[in-house]
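I have placed the structure first, in the form of structure tokens, so that the comments after it can refer back to it.
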Amino acid sequence: FIKIVNCIREGNMGSDIKVYFDGFTMKANKKEIAVPTQLFIDNQFIDAENRKTLDIINPTTEEVICKVACSSKNDVDKAVLAAHNAFNGQWKQVSARQRGQLMLKLADLMEQFKEELATIESVDSGAVYTLALKTHIGMSIDAWKYFAGCCDKIHGQTIPVNPARPNNVLTFTKKEPVGVCGLITPWNYPLMMLSWKMAACIAAGNTCVIKPAQVCPLTALKFAELIVKAGFPKGVINVVTGKGSEAGQAIADNNLVRKLGFTGSTPIGKQIMSSCALSNLKKCSLELGGKSPLVIFGDCDLDKAVKHGMSSVFFNKGENCIAAGRLFIEDTIHDEFVRKVVKDIKSMTIGDPLNRSTAHGPQNHKAHFEKLIEYCQKGVEEGATLVYGGKPFPNIKGYFFMPTVFTNVEDSMFIAQEESFGPIMIISKFNGSDLESVMKRANRSEYGLASGVFTNDISKALTFAQNIEAGTVFVNVYNKTDVAAPFGGFKQSGFGKDLGQEALNEYLKTKCVTIEF
Ligand code: TAP
């Protein structure tokens, strides 16, 4: 259903803003959708240096969707310079309230194009269309709307400092944008990760250069088209597609970039933090890996715990940073819990993510899919019990991995310690009378992104919430994130928050002014 054409196209949505790009059109979901494939710098779509490109693969069919520009260091430097000039030029003339209006206009355009965006995300990343519409795109729009409302509410304080009598003194603080921000995002929620970071960054008055994950850049490029239509001045938002090792690294190394917002793996996060320090000591925030514990006590509402336990692992085919990487189930309900989970897995509709009844699509890309096969092999070799799945679906095209359940997992095993980022449920038993011991086991990880507990005992729930070393705690629910609530990890899951008012601080600096009179 995909036709590759090298086209030049004009905006025709009733707006007189024209957007020209080379791209392709995809026919899917009864729509013909035009998608740019070039870099977006200074509000123009341009080729990468030497016209270098990357193949983009559809994980459902394993076929090439299109070729997308692959940025060199020079391309990135050009984008950063555009962002630098915009920050020191036209963007400074835009008031906070006007900034909010531009962001709302963009959110309206995203709403208008949400079916196109969800279709592209589904084809590019394998996200189930219905989920892409509600979460990947829906929460992206919410983020732009939420932060649009923040623009004219960013302010400092007046502070009662000691005057040198007989003089008086007035001290106040101002919150100022940090300047050009580099944003580097992963492949699991391509447009949502972009929006979580960029909406806060732009609301705070910065300009930016984003490098989306190399395997899923298409919604970021469609989004760039909407940036022009919304009327953003040139250079405020720039998109450089390409490889992390070259384009991503060039952002981290660039001395005109003053802040780097990163979501991705812990090892790359460490490398980026080091580059930020060594280049120009740029500020950075890191949203990294996780191995989030979910503890289910015997006194919970079992059916609810099974439903949320399933989504804590299988939501977005397990490609979810806050996925429960380990489930601790009280011994009294363990067997019943496992039986119900396996029954529910057997009734899951797995297949083409564009099909409205599909609940589980293909994994995002080949390297990740192959990593999951190895991950399960290690689990079996170490002696965990493979109750269901553990392998790809046989004899079908696409990166379809079976939803998997392991039980009898020991704390020392590889699969108990390492993140899979796939649809793999890792279950261990615990004795419900020993809360302290299960808490210790839940905290025995260098990660600290999210956590969850199911119990009808308020005292157990609050003890868990108090003692768990994680940035997010869910009680009798899982995956309940919201654009107004701060999101981010502890320990080696990183630092700094996305979402909520706190996210603005990641993209602001405080200036303190003292006047004697
Ligand atoms: P990474 O391999 O770390 O890649 C993330 C981004 O960094 C990609 O855009 C990547 O580019 C880029 N990158 C790679 N090397 C770089 C370098 N030297 N300098 C600058 N940028 C570089 O992670 P991933 O495999 O895409 O994503 C999976 C990981 O992200 C998991 O560990 C998951 O837990 C984590 N994650 C965390 C969260 C939160 S909120 N904590 C959310 C989602 C995902 P390429 O695409 O070219 O490799």
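One-based numbering, in listed order, for ligands and for the atoms of each. This chain uses plain numbering: 1 for the first residue, then up along the sequence. Only this structure's heavy atoms are used, side chains among them; waters, hydrogens and symmetry mates stay out.
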Original post:
Any side-chain donor-acceptor pair under 3.5 Å between Gln501 and Lys153?
Top reply: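 Lys153 and Gln501 do not have a side-chain donor-acceptor pair below 3.5 Å.
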Original post:
Any chance the side chains of Lys211 and Thr241 put a donor and an acceptor closer than 3.5 Å?
Top reply: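 No - no donor-acceptor pair under 3.5 Å links their side chains.
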Hey, which atoms in ligand 1 end up nearer than 4.0 Å to a heavy atom of [X]?
X	value
Pro186	26 (O), 27 (O), 43 (C), 44 (C)
Lys211	9 (O), 11 (O), 45 (P), 46 (O), 47 (O)
Cys321	36 (N), 37 (C), 38 (C), 39 (C), 40 (S), 42 (C), 43 (C), 44 (C)
Gly248	19 (N), 20 (C), 21 (N)
Leu449	41 (N)
Gln271	18 (N)
Ala213	9 (O), 46 (O)
Ile272	19 (N), 20 (C), 21 (N)

**OP:** With heavy atoms only and a cut-off of under 4.0 Å, state how Thr266 meets ligand 1: side chain, backbone, both or neither.
**Re:**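 Within the 4.0 Å criterion, Thr266 makes no contact with ligand 1.
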Subject >> Residue part near ligand 1, for His368, under 4.0 Å between non-hydrogen atoms >> reply: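 It is neither part, as no heavy atom is under 4.0 Å.
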Please indicate whether [X] has more than 12 foreign heavy atoms, meaning atoms of other residues, nucleotides or ligands, lying under 6.0 Å from its [atom1].
X	atom1	result
Glu382	CD	yes
Lys440	NZ	no
Lys509	NZ	yes
Lys491	NZ	yes

Subject >> The one among Val215, Leu286, Leu288, Leu183 that brings a heavy atom closest to atom 41 (N) of ligand 1 >> reply: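 It is Leu288 whose heavy atom sits nearest to atom 41 (N) of ligand 1.
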Original post:
Measuring from the heavy atoms of Phe262, does anything fall under 4.0 Å of ligand 1?
Top reply: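 True for this residue.
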Original post:
Would you say Phe487 touches ligand 1, if touching means a heavy atom closer than 4.0 Å?
Top reply: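 It does, in that a heavy atom of Phe487 comes within the 4.0 Å cut-off of ligand 1.
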Original post:
Within 45° of the six-membered ring axis of Tyr507 and under 6.0 Å from that ring's centre, is NZ or CZ of Lys259 located there?
Top reply: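 The answer is yes, since Lys259 meets both limits relative to Tyr507.
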Under 3.5 Å, which donor-acceptor pairs do the side chains of residues 271-281 form with other protein atoms, sequence neighbours left out?
unit_1	atom_1	unit_2	atom_2	d
Gln271	NE2	Gln249	OE1	3.4
Ser275	OG	Gln249	NE2	2.8
Ser275	OG	Gln271	O	3.1
Ser279	OG	Ala252	O	3.3
Ser279	OG	Ser275	O	2.8
Ser279	OG	Cys276	O	3.2
Ser279	OG	Lys282	NZ	2.8
Asn280	OD1	Lys282	NZ	3.0
Asn280	ND2	Asn255	O	2.9
Asn280	ND2	Val257	O	2.9

Original post:
Which pair of heavy atoms, one from Glu506 and one from Lys283, lies closest together, and at what distance?
Top reply: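 Looking at all heavy atoms of both residues, the shortest contact is O-CE, 3.2 Å.
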**OP:** Taking all heavy atoms of Asp47 and all of Leu39, pick out the closest pair and write down the distance.
**Re:**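 Closest approach of Asp47 to Leu39, heavy atoms only: O-CD1, 4.2 Å.
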Subject >> Heavy atom of protein inside 4.0 Å of atom 4 (O) of ligand 1, strictly below >> reply: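 No, no protein heavy atom sits under 4.0 Å from atom 4 (O) of ligand 1.
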[Y] side chain reached by [X] side chain, heavy atoms, under 4.5 Å:
X	Y	value
Phe369	Pro392	yes
Leu226	Leu106	yes
Pro212	Pro190	no

Measure the distance from [atom] to every protein heavy atom, then report the residue, atom name and distance (to 0.1 Å) of the closest one.
atom	value
atom 28 (C) of ligand 1	Phe421 CE2, 3.7 Å
atom 1 (P) of ligand 1	Ser265 OG, 3.6 Å
atom 8 (C) of ligand 1	Thr185 O, 3.4 Å
atom 43 (C) of ligand 1	Asn188 ND2, 3.1 Å
atom 34 (O) of ligand 1	Glu419 OE2, 2.6 Å
atom 12 (C) of ligand 1	Ile184 CG2, 3.6 Å
atom 17 (C) of ligand 1	Gly244 O, 3.3 Å
atom 35 (C) of ligand 1	Gly264 O, 3.1 Å

Looking only at N/O atoms, are [X] and ligand 1 under 3.5 Å apart anywhere?
X	answer
Lys243	no
Gln249	yes
Gln214	yes

Original post:
Between Phe487 and Trp196, does the ring centre distance come in under 6.0 Å?
Top reply: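 Yes, the ring of Phe487 comes within the 6.0 Å limit of the ring of Trp196, centre to centre.
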Subject >> Ion pair Glu225/Lys222, N-O distance below 4.0 Å >> reply: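 Between Lys222 and Glu225 there is a salt bridge, with a charged N closer than 4.0 Å to a carboxylate O.
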